[in-house]
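Worth saying up front: this structure is predicted, and the values here are computed from it rather than measured.
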Amino acid sequence: MTPLSIGVETGGGVFFRLIERNRTIPSEASEVFTTSVDNQNFVPIHVLQGEREMAADNRSLARFELTGIPPAPRGVPKIKVTFRIDTNGILHVEATDMATNRSQSVRVTPTSGLSQDEIGKIIAEGERYRDTDGLRKELAELRNQAETLLYTTEQAIEGYADLLDPGVLEGVRLQAQELRELLESGGDLVALRDAYQRLEAAAFQIAESMYGSP
């Protein structure tokens with residue numbers, strides 16, 4: 001069985017588990033990720049092991065890059081990451097660009113250098129910091145969602161400004177500015193969530209303004 005969870009670092013430094021602790025081996029899991037920047041031509045893959053919610057608090061196993069991704073807007077490329085643990089406990093990690101089938105892989109031994117006492121300590125730390133880690137993860141994920149909402153909203157404003165009611169347009173711009181300022185200043189979870197929800201509601205008015213209420 002896998003003694004500790006294994007996964008990758010995602011946006012905002014969050015640890016995304018692909019194979020959970022105590023999974024029987026051999027085992028395999030895949031997940032599809034995307035880019036966070038326009039025309040990003042490579043994706044860094046950071047493989048980690050542990051029970052904390054943030055990547056920085058876990059054990060780094062390997063780093064590699066999938067290169068040669070065709071230029072595209074953020075969120076368009078699809079990168080499939082596959083973890084396979086064989087009967088010998090060897091972890092095989094492969095990242096594949098689903099558009100070109102270009103791939104890169106690495107092989108590691110997750111349990112190398114870890115004693116049972118060290119494994120127990122890592123599990124205990126995961127339990128001890130569960131609540132605070134959960135809040136840190138929630139904030140990081142909300143920041144990711146806010147960045148995405150800002151991106152899609154600003155794209156809509158740019159593309160449809162001529163078709164929008166000026167009052168609606170100004171309201172959306174003001175809410176977008178407020179959310180961006182909170183992101184840049186490191187706003188807390190509550191303030192960021194409120195600003196996100198306000199922009200979400202304001203952005204919905206773009207569709208209402210163009211197509212009318214159902």
Side-chain angles (χ1 to χ4, degrees), residues 2-23 29-37 40 42-66 74-75 77 79-83 91 93 95 106 108 110-111 113-114 117-154 175-201 203:
T2 55
L4 295 168
S5 299
I6 306 168
V8 294
E9 180 175 355
T10 58
V14 172
F15 177 49
F16 185 94
R17 295 168 174 81
L18 271 89
I19 296 181
E20 298 278 352
R21 178 168 65 93
N22 292 333
R23 177 86 67 86
S30 296
E31 188 68 32
V32 176
F33 300 95
T34 188
T35 53
S36 58
V37 178
Q40 186 174 331
F42 75 95
V43 173
I45 308 295
H46 186 193
V47 184
L48 301 125
Q49 175 187 54
E51 301 305 326
R52 303 287 297 275
E53 297 298 339
M54 305 303 293
D57 298 319
N58 290 303
R59 182 175 181 242
S60 178
L61 296 179
R63 293 177 184 266
F64 66 98
E65 291 182 351
L66 176 62
R74 58 182 285 178
I79 311 300
K80 184 179 182 181
V81 177
T82 300
F83 278 27
L91 171 64
V93 181
V106 69
V108 295
T111 55
L114 284 178
D117 286 345
E118 288 170 323
I119 291 171
K121 181 180 178 181
I122 290 171
I123 294 171
E125 282 187 349
E127 290 295 324
R128 185 181 312 126
Y129 295 106
R130 175 180 293 180
D131 291 342
T132 54
D133 282 359
L135 290 173
R136 292 168 63 200
K137 178 182 179 180
E138 186 178 357
L139 178 58
E141 291 179 337
L142 180 58
R143 289 182 64 86
N144 291 341
Q145 293 167 6
E147 290 283 2
T148 299
L149 179 61
L150 277 170
Y151 177 81
T152 56
T153 301
E154 288 166 355
Q175 294 300 336
Q177 180 181 352
E178 180 185 350
L179 181 56
R180 185 168 296 284
E181 288 174 353
L182 276 171
L183 284 172
E184 292 174 351
S185 65
D188 63 33
L189 181 63
V190 174
L192 195 58
R193 186 189 292 119
D194 288 346
Y196 176 89
Q197 291 172 346
R198 286 195 295 272
L199 176 58
E200 193 174 41

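A heavy-atom distance below 4.5 Å is found between the side chains of F83 and V8. Residues T34 and V32 form no side-chain contact, since every pair of their non-hydrogen atoms from C-beta on lies 4.5 Å or further apart. No side-chain heavy atom of E31 sits less than 4.5 Å from a side-chain heavy atom of T10. Between F64 and V93 there is a side-chain heavy-atom pair separated by less than 4.5 Å.
With sequence neighbours left out, E127 forms a side-chain hydrogen bond (donor to acceptor under 3.5 Å, both in side chains) with R130.
Atom CD1 in I119 sits 7.0 Å away from atom CD in Q49 (nearest 0.5 Å). Rounding to the nearest 0.5 Å gives a distance of 8.0 Å between NE2 of H46 and CG of L61. Remark: T148 OG1 to R143 CZ distance equals 12.5 Å, nearest 0.5 Å. Here F16 contributes atom CZ and K137 contributes atom NZ; the two are 8.0 Å apart, rounded to the nearest 0.5 Å. Here the CG atom belonging to L4 is positioned 12.5 Å from the CD1 atom belonging to I19, to the nearest 0.5 angstrom. Note that CG of L179 and CG of L183 are 5.0 Å apart. Values are rounded to the nearest 0.5 Å.
Across all their heavy atoms, A176 and L150 have their closest contact at O-CD2, 3.4 Å. Nearest heavy-atom pair across R21 and S5 is N-OG, 3.0 Å. G12 and A140 make their closest contact through O-CB, 3.7 Å (heavy atoms, listed as atom of the first residue, atom of the second, distance). Pairing each heavy atom of T153 with each of A203, the nearest pair is OG1-CB, 3.8 Å. Scanning all heavy atoms of the two residues, the minimum distance from G50 to I122 falls at CA-CG2, 4.1 Å.
Counted by atom type alone, E181 and Q177 present one or more donor-acceptor pairs between their side chains at under 3.5 Å.
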Going through the distances and angles, do R136 and D57 end up as a side-chain contact (heavy atoms from CB on, under 4.5 Å)? CA-CA 12 Å; R136 292 168 63 200; D57 298 319; 2.8 Å; yes
side-chain contact (heavy atoms from CB on, under 4.5 Å) for E147 and R74? Distances and angles first, verdict last. CA-CA 11 Å; E147 290 283 2; R74 58 182 285 178; 4.1 Å; yes
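For the side-chain contact (heavy atoms from CB on, under 4.5 Å) with I6, the qualifying choice from L18, L48, L91, V108 is L91, the only one to do so. Put simply, the residue from N58, T132, D133 that forms a side-chain hydrogen bond (donor to acceptor under 3.5 Å, both in side chains) with R52 is D133. Of the candidates R193, E200, R198, Y196 forms a side-chain contact (heavy atoms from CB on, under 4.5 Å) with just one, namely E200.
Between the side chain of T82 and the main chain of S30, no donor-acceptor pair closer than 3.5 Å is present. In this structure, T2 contributes its side chain and E20 its backbone to a donor-acceptor pair below 3.5 Å.
Electrostatic pairing of E53 and R17 counts as a salt bridge here, judged by a charged N lying under 4.0 Å from a carboxylate O. Of the charged side-chain nitrogens involved, at least one lies within less than 4.0 Å of a carboxylate oxygen, so that E154 and R180 count as a salt-bridged pair.
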